[in-house]
Protein chains: 2
Amino acid sequence: MSTTSSHARRRPPTLRDVAEIAEVSIKTVSNVVNDYPHVRPSTRARVQDAIAATGYRPQLAAQQLRTGASGIVTLAVPSLTFSYFSHLAQTFIDEAQGRGRTVVLHTTSAGRDEEIEVLRGFRRRLGDGIIFNPMHVGEDYLAQMEHVDQPTVFIGEHLSDAHLPPGSDYVRIDNTRATADATAHLLEGGRTRLAFVGAMGRKDPAPHSSSGLRIEGFRQALWRHDQDPSRSPIVEVGDWHRADGREAVHRLLETHPDLDGLVCGNDEIALGALAGLRDHGRSVPEDVAVVGYDDSPEASFSHPALTTIRPDKEFLVRTALDMLIERINGYEGASRTITAPHRLVARESSPQP
Amino acid sequence: MSTTSSHARRRPPTLRDVAEIAEVSIKTVSNVVNDYPHVRPSTRARVQDAIAATGYRPQLAAQQLRTGASGIVTLAVPSLTFSYFSHLAQTFIDEAQGRGRTVVLHTTSAGRDEEIEVLRGFRRRLGDGIIFNPMHVGEDYLAQMEHVDQPTVFIGEHLSDAHLPPGSDYVRIDNTRATADATAHLLEGGRTRLAFVGAMGRKDPAPHSSSGLRIEGFRQALWRHDQDPSRSPIVEVGDWHRADGREAVHRLLETHPDLDGLVCGNDEIALGALAGLRDHGRSVPEDVAVVGYDDSPEASFSHPALTTIRPDKEFLVRTALDMLIERINGYEGASRTITAPHRLVARESSPQP
DNA sequence: TGGCTGATCTGCAACGTTGTACAGCGAGGA
DNA sequence: TCCTCGCTGTACAACGTTGCAGATCAGCCA
């Protein structure tokens, strides 16, 4: 409430300052701050007054040095410009703040090299653990690591649980299954000439990239519905943003004008695809049905509203944080993998039953 | 590269461990780590080998305790679910990481109480300074503060530079001017029956809220174009999300069916408004012209593409970080206010000249 | 040759906090 | 009455790091 400082910022108050005013030892002040029970009420009150008078707040750096824990967790994601990640980050921050933890947010927009630096633990030791959504680093790299540098939980899609480095856990989303669900939804709606938009062929050829897994799901669904997967085009994109989806559809329609269904790598591509289809005078869903992936907030507001796959982000975040905190608290056992659930959200862009 | 640890995570290596292996003093290792020049090349090499062998990395907490600086800056914004803030956050993280700083991201989704806690400096001392975009706390609260708790730069729109607490700076966006520009754009395109969508009457009645400032700009532009501002409706919304814009337009069209131009509080409202207009069979821009605010990435992909105001986020972020770092480095002078530029991005949703 | 300069390296103390050990005290039981 | 025990408070050391004040030594100039 009140502040003694008059003008310029001064040296912040410490336990010593409070102790002098309250005429107790430093340790007693510490005991009050930490709610140690055996403090006489009158002493406690005196100390609390002194704390209020000075505006004392504990310095995290000293606590961390002494106790070894900071309450800080790092979240590393590729980029907040993807709404999937900005919503994931918000969900994460809410959950972490609710558990009394502070979040350092690191983005690895620079790509693979930056992801590797994250895995190596940056240049300085900071925080208690990390939740990391890799995009470029794959299981080949992870398999070769002897041990992670700090408690680590991977989140995402394209890792294989067999190759997690010791000391880390993994919460995954079953991309293949989810994309198969989306594809089946179109097939069951009567579409027969499908395409997949969102291959990352050149830059990211690994079969376990998220694009690879989604393509796999697309093919599996076709196969199960007695279609020949090799007759359905897989369209490459430069990146997974709207502009890429739009441009890809332009190319696709030149070679496959009779297309009637589009499975997209994510919602942004799908939204771009809607624009691209409109450019060519195709109406959705009458001429072409479209499904996306992520259920980003734009999906329900596009015209037509986008059918999409909704991964359970809250589950993902809660579970990842649970596992990370177990690691921080000393769990040293084997790596664990948990699959987060998803569901299909049917909207206007696909035929309704 | 190599790691001596075999299985479980052990006590992390310290300067002492490295010093023992390299057979030098702790201080010499510190000197090597910090690139102190007067170290014999042979000694330096020996120490660097030992660092590589142990995987040593300095512990930030100890550095901060000793030197008083952590290189951590906090960014506090209302919520990453608004794409304006998620893009701002990404821009900020890129800039901060580029300058070798680590970002703690705090979101104040809980509203005013949480913003006040941010201003009071949280419960623990952490990081070197903060960049804070308040949404609910206004100049009334700030004016009453004797001094900010840590180096602080406010960003945003609805503060008045006259009431900044000592020790803080401010980078603002001229909302009133920008909204006037947007409004003038419609008027100059020949529209005469405008409305503003995005008043936050109940929850946030202050004339200096961002909604208040934008309304002010709307009115100023009408006035300058010889229109009577009192005849143009100002529509209230519950929040600034898409759903609110859509719902507001539904209400508005019942009372003002002859409307031909819409100035919206932000892009999300505008995108919702596009949906709302479509719901009522109005075409954009033929029947009704629409402008938004923020130039969020969706704006260029909506149908029709949205005319909007683009604030210069890079400028905003760079300037805020510059000022914060000056404060951290000891600047104790008067509060400064800088206005970030903006420009109108004309797209399909408004009549083209 | 003596002293001076600069390069190289070291030891000490301190940053603010908390765990451990212990001292003093009054109350209650033997 | 004496002893024990629980409550209350204190002193000390240590977490890992770096600024400071030196110590040592080689080279060099006068």
Side-chain angles (χ1 to χ4, degrees), chain A residues 10-48 50-51 54-72 121-128 149-150, chain B residues 10-48 50-51 54-72 121-128 149-150:
Chain A
R10 1 178 130 270
R11 182 183 58 78
T14 70
L15 286 180
R16 177 196 298 286
D17 301 321
V18 177
E20 255 169 47
I21 295 183
E23 296 181 297
V24 293
S25 77
I26 291 180
K27 190 64 221 293
T28 298
V29 180
S30 170
N31 286 339
V32 169
V33 170
N34 294 311
D35 284 326
Y36 178 74
H38 300 306
V39 178
R40 199 179 325 179
S42 62
T43 311
R44 183 182 300 274
R46 205 148 32 92
V47 170
Q48 277 164 342
I51 289 176
T54 53
Y56 168 80
R57 281 173 303 114
Q59 176 163 328
L60 178 60
Q63 291 180 314
Q64 179 176 4
L65 183 59
R66 186 58 176 81
T67 65
S70 66
I72 292 176
F122 308 97
R123 276 175 289 269
R124 298 180 300 181
R125 228 167 263 282
L126 152 71
D128 302 334
D149 174 86
Q150 59 182 328
Chain B
R10 5 178 126 267
R11 181 182 60 78
T14 70
L15 286 179
R16 177 197 297 289
D17 300 322
V18 177
E20 254 168 46
I21 295 182
E23 297 180 300
V24 292
S25 77
I26 291 180
K27 190 66 222 292
T28 298
V29 180
S30 170
N31 286 338
V32 169
V33 171
N34 295 308
D35 284 326
Y36 178 75
H38 300 305
V39 177
R40 201 180 323 182
S42 63
T43 310
R44 183 181 301 275
R46 204 147 34 88
V47 170
Q48 277 163 341
I51 289 176
T54 54
Y56 168 80
R57 280 173 304 113
Q59 176 164 330
L60 178 60
Q63 290 180 315
Q64 179 177 3
L65 184 59
R66 186 60 176 80
T67 65
S70 65
I72 293 177
F122 307 97
R123 276 176 289 269
R124 297 180 300 182
R125 229 167 261 284
L126 153 72
D128 301 335
D149 175 87
Q150 59 181 326

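Only a predicted model underlies this, so the values are computations on that prediction, with no experimental measurement involved. The sequence lines fix the lettering, A, B, ..., with proteins before strands; numbering per chain opens at 1.
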Show your working on side-chain contact (heavy atoms from CB on, under 4.5 Å) between B:Arg46 and B:Ile21 and close with a plain yes or no.
CA-CA 9 Å; B:Arg46 204 147 34 88; B:Ile21 295 182; over 6 Å; no
Distance in angstrom units between [X] [atom1] and [N] [atom2], rounded:
X        : N      : atom1 : atom2 : answer
B:Gln64  : C:dA14 : CD    : C1'   : 16 Å
A:Asp128 : D:dC15 : CG    : P     : 19 Å
A:Arg44  : D:dG9  : CZ    : C1'   : 13 Å
A:Asn31  : D:dT10 : CG    : P     : 9 Å
A:Tyr36  : D:dT8  : OH    : P     : 9 Å
A:Lys27  : C:dA21 : NZ    : P     : 12 Å
A:Glu23  : D:dG9  : CD    : C1'   : 15 Å
A:Leu60  : C:dT18 : CG    : C1'   : 14 Å

Mark yes or no for whether B:Asn34, through its side chain, and B:Asn31, through its backbone, hold a donor-acceptor pair below 3.5 Å.
no
Using a 3.5 Å distance criterion without hydrogens, assess whether the side chain of A:Asp128 forms a donor-acceptor pair with backbone atoms of A:Ala69.
no
So, does [X] get its side chain near the phosphate of [N], meaning an N or O under 4.0 Å from OP1 or OP2?
X       : N      : result
A:Thr14 : C:dG16 : no
B:Gln63 : D:dT18 : yes
A:Tyr56 : C:dT17 : yes
B:Ser30 : D:dT17 : no
B:Thr43 : C:dC9  : yes
B:Thr28 : C:dT10 : yes
A:Arg40 : D:dG9  : yes

For B:Leu65 and for B:His38, locate the closest nucleotide of DNA chain C by heavy-atom distance; then report the residue assigned to the nucleotide nearer the 5' terminus.
B:His38
Between A:Arg125 and B:Pro13, is there a side-chain heavy-atom distance shorter than 4.5 Å?
yes
pair B:Tyr56-B:Val33: side-chain heavy atoms closer than 4.5 Å:
yes
Any idea which of D:dG19, C:dG16, C:dT18 is nearest the B:Arg66 side chain?
D:dG19
